[in-house]
2 protein chains.
Amino acid sequence: MPKRVDHEERRRQIAEALWRIAAARGLDGASLRDVAAEAGISLGQLQHYFTSKDDMIVFALGHIEHLAQQRIRARIEALPGAPTPRVVLRETLAEMLPLDEASRTGYLVQVSYFVRAVNDERLRTHAQEGIAALRAFFADQLKAAVAQGEVAAERDPDREAALLIALTDGLSAAVLMEYDSAQGALALIDLHLARLFSGPGSA
Amino acid sequence: MPKRVDHEERRRQIAEALWRIAAARGLDGASLRDVAAEAGISLGQLQHYFTSKDDMIVFALGHIEHLAQQRIRARIEALPGAPTPRVVLRETLAEMLPLDEASRTGYLVQVSYFVRAVNDERLRTHAQEGIAALRAFFADQLKAAVAQGEVAAERDPDREAALLIALTDGLSAAVLMEYDSAQGALALIDLHLARLFSGPGSA
DNA sequence: ACTTTTGCAAGTCAATCGTATTGCTATACC
DNA sequence: GGTATAGCAATACGATTGACTTGCAAAAGT
């Protein structure tokens, strides 16, 4: 056998090449030959690592989610001291917005996935699990905030979590369409958060 | 010449065939042959009405927006008496959600457009104008609500309009992914509206 | 040292795409 | 009633697609 290659590492490199193409032309516009060229490898080599285009897409989806989670986690851990739930939520939402080129690309690829997932049960199930996990994380943070008195007790953590995520998703779309600026979208999120924390009657 | 045909009417029929395909397989997955078959015509006939696929897509985008506006207008005009700004906003937002099959298809096509528009300046400019018009309409309603004392004066109509639309866009995505139910999404919108109308200190 | 197997390149394949071309038919117009 | 033309059908074209096949070089295992 020739030199043993780190299979997963190669697959990640190919997945990242796929993103760059998909961000510019959509998932459908990314041919295997394009992706191979972007990754600097041959079509044959790409097919050695992914049996089909679908396999490549599914793997890339998992990888992009993993990286997004890593970015969010790193951002939170970089915060000084023990961050409050409010800060954790705020930083997480900010990381979800397409602020820089990396998250912009990530969001675009996710939208491409979204279109596929609507009519693909396997992808849709996967996406549903992701949404559930994200909402649960948000709801947990909100429950802690309620316990600490930062959020009024009459606020339902599950509903507020859904509202926060939906709001950020919608704002992300507006940013991507170059209608809102990234800073403007972040300001709107902060506005919503300011009302959520310090509910009616508290401040 | 043969019988003179209503050009626009034919183009609308073809556009609607395009939606049905695009809703199921995305805009890229809708070939001219598919659309022609769905419309019950030949490929040659389709090409007689649209010079290129891009022409067809652009026309269909304009048509779907027109129909969406008509649906919203009809829904509001069907309301008894003189509706308050709150009711107008609520019904408009509800019509934006993919509640039935028609609006679900419409939203899916819009997402397909969205993916294209991100990297197509002509489509993006068109979309930006649509967003601007919608936000202006919402802001106007909110200004009226502030004037009538239904919304606290410290609420900025422009920001609140942006929040409402972004929230609904995000919830629409969740509904399409079959994560939230249509009723659940509508309940969340009502929850947000209930806080907007009757701001802190009023009720 | 020889075998086996991995890594990869190159070419091929049928299918499908958007577009262009050609020609017939029916009708509106002079 | 001749003729120009709109409406439409049919076919062909070159390009591109994802998938498949074949072949070979290199290194790991024995």
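The figures that follow rest on heavy atoms only: side chains count, while hydrogens, waters and symmetry mates do not. Every chain is numbered from 1, with letters handed out A, B, ... down the list of sequences.
Across all strands, B:Leu32 comes closer than 4.0 Å to base atoms (heavy-atom distances). A:Ser52 comes within 4.0 angstrom of the backbone, heavy atoms only, and of no base. A:Ala36 comes within 4.0 angstrom of nothing in the nucleic acid, heavy atoms only.
If you take CD of B:Glu8 and P of D:dG7, they are 12 Å apart, rounded to a whole angstrom.
In this structure, A:His48 reaches the C:dG7 phosphate: one of its side-chain N or O atoms is under 4.0 Å from OP1 or OP2. In this model, the phosphate group of C:dG7 is not approached by any side-chain N or O of A:Tyr49 to a distance below 4.0 Å at OP1 or OP2. A close approach under 4.0 Å does occur between a side-chain nitrogen or oxygen of B:Ser31 and OP1 or OP2 of C:dC17. The phosphate of C:dA9 (OP1 or OP2) has a side-chain N or O of A:Gln45 nearer than 4.0 angstrom.
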Between the protein and nucleotides 11-14 of chain D, list every N/O to N/O distance that falls short of 3.5 Å.
| unit_1 | atom_1 | unit_2 | atom_2 | d |
| --- | --- | --- | --- | --- |
| D:dA12 | N6 | B:Arg33 | NH2 | 3.4 |

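Taking the charged nitrogens against the carboxylate oxygens, B:Arg195 and B:Asp190 have no contact shorter than 4.0 Å, which rules out a salt bridge. At a threshold of 4.0 Å, the pair B:Lys143-B:Glu150 does not count as salt-bridged, since none of the basic side-chain nitrogens sits closer than that to a carboxylate oxygen.
Remark: A:Arg11 qualifies as a cation-pi partner of A:Phe59 under the 6.0 Å distance and 45° angle criteria applied to the six-membered ring.
Proximity of B:Glu16 to B:His63: side-chain heavy atoms (C-beta onward) are separated by under 4.5 Å at one or more points.
Each of D:dC8, C:dC8, D:dG18 was ranked by its minimum atom distance to the side chain of A:Arg10; first place goes to C:dC8.
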